[in-house]
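Taking it in order: structure first as structure tokens, then the write-up.
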Amino acid sequence: VRGEASVYANSIDDYLLLLPQQRVVTTVRGVFPAFEHEQTDAVLIGADGGLEVDVSRVTLGGAFALLRGTDRGRDQPLFEMPSDRVRLSAGYALPDLSVLRGPSATIEVTHVFRQDRFPTTLDETGAVVSLGYADPPPAYTLWSARVQTDVALGGSRPARVSLGVDNLFDTAYRDVLSRYRLFAHDTGRNVTLRIDVPLGRGDHHD
């Protein structure tokens with residue numbers, strides 16, 4: 001069993017913010033939201049942790065990340081704070097097979113909660129509106145899977161081969177920190193094949 005956890009609280013004077021403005025900037029490329037840098041006193045409080053448990057050939061894991069940011073100058077949440085998230089994973093270590101050494105398979109699921117702490121301001125009618133372009137996007141869940149193994153050929157050092165699929169179910173989602181979230185979804189299904197081949201020859205003993 002392996003685990004770790006951390007809790008922190010940081011008080012920062014003159015914290016630098018890039019805040020959207022209630023106007024736009026027009027250029028030859030088009031019309032864009034306006035931003036201006038401002039400073040404020042801020043408090044950041046957070047917690048991170050993770051746990052892994054080995055049961056025979058199976059490894060079960062979990063992790064979380066929480067963050068709360070407060071703008072002390074305006075007495076409201078800080079702009080552009082990441083959402084809370086939790087991650088669960090399960091891995092299985094397969095037995096060696098011929099030239100395959102230490103093959104394994106892992107599946108992982110990550111849930112990102114909706115960011116419900118965001119600053120607001122008043123529009124010209126006195127109604128409360130979000131300080132950003134729009135309210136934060138909804139929560140989302142992403143799955144990923146990965147298989148990997150070392151391949152031992154002759155007397156050379158083994159090569160590492162891995163195949164991974166992120167956003168396994170091609171979920172449409174938008175991250176709260178993405179500047180493009182008003183216009184496009186984040187990355188869809190992504191398949192990665194990776195082959196790491198060591199250079200030179202190493203000592204090899206059966």
Side-chain angles (χ1 to χ4, degrees), residues 1-23 32-54 59-91 106-123 126-144 146 164 166-169 171-187 190:
V1 177
R2 299 173 298 278
E4 62 177 348
S6 61
V7 178
Y8 55 89
N10 296 325
S11 179
I12 305 173
D13 293 337
D14 298 328
Y15 181 88
L16 194 62
L17 290 167
L18 186 61
L19 294 177
Q21 307 298 308
Q22 299 296 325
R23 59 185 175 84
F32 302 93
F35 284 82
E36 286 186 4
H37 284 97
E38 298 183 18
Q39 288 180 294
T40 188
D41 295 336
V43 175
L44 300 177
I45 300 175
D48 300 281
L51 180 70
E52 283 189 339
V53 179
D54 293 330
T59 299
L60 302 176
F64 69 91
L66 311 174
L67 179 62
R68 298 289 181 271
T70 301
D71 182 339
R72 290 189 296 162
R74 298 176 177 84
D75 192 26
Q76 62 179 356
L78 272 177
F79 181 61
E80 287 203 329
M81 289 288 101
S83 300
D84 297 339
R85 63 189 60 214
V86 294
R87 175 178 54 83
L88 299 175
S89 63
T106 303
I107 189 166
E108 184 176 287
V109 57
T110 300
H111 181 76
V112 179
F113 295 88
R114 181 180 185 272
Q115 176 57 275
D116 57 3
R117 300 186 75 253
F118 54 93
T120 57
T121 187
L122 301 179
D123 64 12
V128 176
V129 296
S130 169
L131 183 59
Y133 317 112
D135 289 350
Y140 58 89
T141 301
L142 301 177
W143 291 78
S144 64
R146 183 162 283 99
D166 295 314
N167 195 358
L168 185 63
F169 299 112
T171 301
Y173 73 99
R174 304 190 184 202
D175 189 87
V176 67
L177 297 185
S178 173
R179 290 285 176 87
Y180 298 102
R181 66 181 174 87
L182 287 187
F183 318 107
H185 293 301
D186 276 85
T187 306
N190 187 47

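Atom CD of E36 is separated from atom CG of L18 by 9.5 Å, given to the nearest 0.5 angstrom. Atom CG of residue N10 and atom CD1 of residue I45 lie 9.5 Å apart, to the nearest 0.5 angstrom. Within the model, atoms CZ of F79 and CD of E38 stand 11.0 Å from one another, a figure rounded to the nearest 0.5 Å. One finds the CG atom of L19 at 11.0 Å from the CD atom of Q39 (value rounded to the nearest 0.5 Å). Between D166 atom CG and E108 atom CD the span is 8.5 Å, to the nearest 0.5 Å. E52 contributes atom CD, which lies 9.5 Å from atom CG of L60 (distance to the nearest 0.5 angstrom).
For R68, the side chain to side chain donor-acceptor pair (under 3.5 Å) partners are D84, not counting sequence neighbours. Residues passing the side-chain contact (heavy atoms from CB on, under 4.5 Å) test with H111 are V86, F113, A139, T141, sequence neighbours excluded. Shown here are the ring pair (Phe, Tyr, Trp, His ring centres under 6.0 Å) partners of Y173, two or more places apart in sequence or in another chain: Y140. Scored by the side-chain contact (heavy atoms from CB on, under 4.5 Å) test, V1 finds L51, V53 as partners (sequence neighbours excluded). Residues satisfying the salt bridge (Lys or Arg N to Asp or Glu O under 4.0 Å) test with D54, not counting sequence neighbours, are R2.
No side-chain donor-acceptor contact under 3.5 Å links R87 to the backbone of V109. Although no hydrogens or angles enter the test, the distance criterion places a donor-acceptor pair under 3.5 Å between the side chain of N167 and the main chain of T171. Formation of a donor-acceptor pair under 3.5 Å by the Q115 side chain with backbone atoms of M81 is found in this model.
Smallest separation of non-hydrogen atoms from P119 and P77: CB-O, 3.5 Å. The two residues N190 and T187 make their nearest non-hydrogen contact at CB-CG2, 4.4 Å. Across every non-hydrogen atom of L44 and G69, the tightest pair is CD2-CA, 3.7 Å. Pairing each heavy atom of S83 with each of V112, the nearest pair is CB-CG1, 3.6 Å. Here the shortest heavy-atom pairing between L66 and Y8 reads O-OH, 4.0 Å.
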Derivation and outcome, salt bridge (Lys or Arg N to Asp or Glu O under 4.0 Å), residues D175 and R85: CA-CA 12 Å; D175 189 87; R85 63 189 60 214; 3.8 Å; yes

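A 4.5 Å side-chain heavy-atom check between T40 and L17 finds at least one atom pair inside the cut-off. The shortest distance between side-chain heavy atoms of P137 and V176 falls below 4.5 Å. The closest side-chain heavy-atom distance from L142 to F169 is not below 4.5 Å.
Within 6.0 Å of the OH atom in Y180, the count of heavy atoms belonging to other residues, nucleotides or ligands does not exceed 12.
Identified under the salt bridge (charged side-chain N to carboxylate O under 4.0 Å, His left out) test for residues 5-18, with sequence neighbours left out: D13-R72.
A salt bridge does not link R181 with D186: none of the charged nitrogens is closer than 4.0 Å to a carboxylate oxygen.
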